[in-house]
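Below: the structure, in structure tokens.
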Number of protein chains: 2
Amino acid sequence: MVGIRDVAHRAGVSTATVSRALSGNGRVSAGTRARVLEAASELGFVASSTASSLASGRHRNIGVVVPSVARWYYSQIVDSVAAALLRAGYDLTLYNLNDDAAHRESVLSEFLLRQRCDGVIPVSLELGRDELDQLLSVGKPVVGIGGPLPGAETYSVDDHEIAALATEHLIRLGHRRIAHIGGYEVAEKDFRIAGTRRHGYEAALKGAGLEARRSWQLAADFTIQSGMVEARQLLGHPHDRPTAVFCASDEMAIGALLAARELGLRVPDDVSIIGIDGHELGEALGLTTVAQFPQEQGRRAVERLLQVLQDPSTLQSVNHPARTALVVRASTATPTA
Amino acid sequence: MVGIRDVAHRAGVSTATVSRALSGNGRVSAGTRARVLEAASELGFVASSTASSLASGRHRNIGVVVPSVARWYYSQIVDSVAAALLRAGYDLTLYNLNDDAAHRESVLSEFLLRQRCDGVIPVSLELGRDELDQLLSVGKPVVGIGGPLPGAETYSVDDHEIAALATEHLIRLGHRRIAHIGGYEVAEKDFRIAGTRRHGYEAALKGAGLEARRSWQLAADFTIQSGMVEARQLLGHPHDRPTAVFCASDEMAIGALLAARELGLRVPDDVSIIGIDGHELGEALGLTTVAQFPQEQGRRAVERLLQVLQDPSTLQSVNHPARTALVVRASTATPTA
DNA sequence: GTTCGCTGTGCAAGCGTTTCCATGCCGTCC
DNA sequence: GGACGGCATGGAAACGCTTGCACAGCGAAC
């Protein structure tokens, strides 16, 4: 293994100078730097990041905690975060909770605290104040994405608002019989978003003086398949069928769309469907949605976190509202009845 | 920051004993161990993994290199690999190439070699012999998943075979006009799978004495959307239309299915469609497919890699053929014409 | 009663960097 | 011409663990 001393020896300088020349910290004359660089590349020297971390206290590594990697939103986040970190020369350590609350504890205590990363990006994950404080107290800044994270700096849409927005779009079109596919029943703190979106839906209905039928609120797990399954139930009754469905994610909305077609219903004539997310597939299928832009959220969170790493004092405890946009396509229209 | 000396002091032993007691390496009497454990937990001690890595040369960290995280197969792999590593107490550093060949170089040289991980799991990624040897020579075992990786130990299906299998299923049903949606044209070594599956398709056609029309071989990027786009082209001509389509991934097959319906074609009556992968959504849509089991592949690759880490001499240069299964559902049938 | 071997523990030398501090040098200013 | 400040560099002390080696204690074997 070629080490810094080999480079130092070859370049005829001390290891201190090599370190300075390669890292850019401290001053080195142009000539010396050139010699060092040459020696390093000739030997194929790559500094041991472990040793460097130990000595400097920096890791060039960010921990990203996601509930899952198989759902569109998270995959988009991971994708963009990975790209942004790569560009900045940072590694990304992935903690995939796999929708399993049991992992939470151990991930937080054993992994994140093992002092391998410089900061943490929790995605749609609600940390307790204590957990958050623990991280911050060991000097690991936290910048969250998607979902409430009281006490931390986050980039997130307002889930209540966008759900209301989607629902209001249906109401404005004249719908009165609006169903909802979304929220898990489990009141897990790990997935509060679902509940918040449901509340937004309820609030919008209430605001329009409409009833929120319990039987028209179905729980699914945010995948296309689960959207299909629930929508089959929901739309299966020929009589007393809702004229519109608001789904808490595009994936579920796509499922609902497919289920509707399967049942021989025309969208939007027989039933209007709206989702949330901005999934590319929604575009191909003509799905109306309230788009959010996870790629943008991921990129900005990384930029911000790296900034905080430069100057920790700038870390705030606010949410930077993320951009959303109502994208009206062919899956919503005035009810024909 | 509470360090090992604090624990040692509290337990009334040396740091050496603490290290041994906590890591399980070396012998410690039961009584001492108990005292150490207690002291450690009272102080909330978590060993600095950096220091531990530097001293021991082990990292408890595996590098996973994927072309993308947004496609089903990869997300399944990452998911299962993450779970398996978590169980074993390993961290996972994610290198997302993002379908960008330019990243390849830098990821390999700058990141993987920075000696942060104990081993590497490249997914559907063809390393050159030199790159592979470089990794192996610095003592980083490699266990690949999905796709050829000459010289390395891998868990992968035989892409040529499963493509032929899928095509033959159509031929057996009586189809003679079989199109293919799959392979990128780019002959990138990063995505040879696409080409291999196409060859399997061509071989099967040839074996049956059928022509492989150039215009019936469309290139897409393995997503549902691209499958839709290509299938619209392919199935858009009322005359001279293929009676069956073999797609190199379920996602593209699903896209084709949707496009067919959109065009008013009945599946499988007007056109049969088969994919590869075993995507859950395919089940909901009645898609016939040659299933592979990425979750299983990921888990096994991790198990094997950890084994190799125990005893590097057992690393072989073979592919462990991964399980596949032809799953016949409602999207394929005997052609009606 | 020695000798031997084993167990449990401590000492201290690493692991490969970074960085503080000291030093030497040169140019500038009085 | 001497003092001083700034720059480039080297020496060496961290960083916080792991582990080889030495050693004490103790029971078994002779």
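This is a predicted model, so every value here is computed, not measured. By convention in this document, chain letters (A, B, ...) are assigned in the order of the sequence lines, proteins followed by strands, and residues within each chain are numbered from 1.
- If B/G12 and A/T50 are placed on DNA chain C by their nearest nucleotide, the residue sitting closer to the 5' end is B/G12.
- Here A/S56 does not reach the OP1 or OP2 of C/dT17: none of its side-chain N or O atoms lies under 4.0 Å away.
- Neither OP1 nor OP2 of D/dC17 sits under 4.0 Å from any side-chain N or O of B/S52.
- For A/S48 and C/dG16, the shortest distance from a side-chain N or O to OP1 or OP2 is not below 4.0 Å.
- The base of D/dG10 sits with one of its N or O atoms less than 3.5 Å from a complementary donor or acceptor on the side chain of A/R20.
- For A/S29, the listed nucleotide lying nearest its side chain is D/dA8; candidates were C/dG8, D/dC17, D/dA8.
- Put simply, CE on A/M1 is 9 Å from P on C/dG16, counting in whole angstrom units.
- Evaluated for a side-chain contact (heavy atoms from CB on, under 4.5 Å) with A/Q297, the options A/I77, A/V81, A/V123 yield exactly one hit, A/I77.
- When distances are taken from the side chain of B/A55 to each of C/dG14, C/dT18, D/dG11, the shortest belongs to C/dG14.
- Nearest nucleotide to the side chain of A/R58, out of D/dT9, C/dT17, C/dT19: C/dT19.
- Relative to the side chain of B/T15, the nucleotides C/dT17, D/dC7, C/dA12 differ in distance, and C/dA12 lies closest.
- Put simply, B/T17 has a side-chain N or O that comes within less than 4.0 Å of OP1 or OP2 on C/dG10.
- Side-chain contact check for A/S49 and B/R116: at least one donor-acceptor pair (N or O, by modelled atom type) lies under 3.5 Å.
- Side-chain contact of B/T154 with B/N319: a donor-acceptor pair under 3.5 Å is present, judged by distance alone.
- Between the side chains of A/T93 and B/D91, no donor-acceptor pair is found at a separation under 3.5 Å.
- Side-chain N or O atoms of B/S56 include one that pairs as donor or acceptor with a backbone N or O of B/S52 at under 3.5 Å.
- The terminal axes of the helix from C/dG1-D/dC30 to C/dC30-D/dG1, fitted over 5 pairs per end, subtend an angle of 50° to the nearest 10°.
- A cation-pi contact links B/R323 to B/F293, judged by a cut-off of 6.0 Å to the six-membered ring centre and 45° from its axis.
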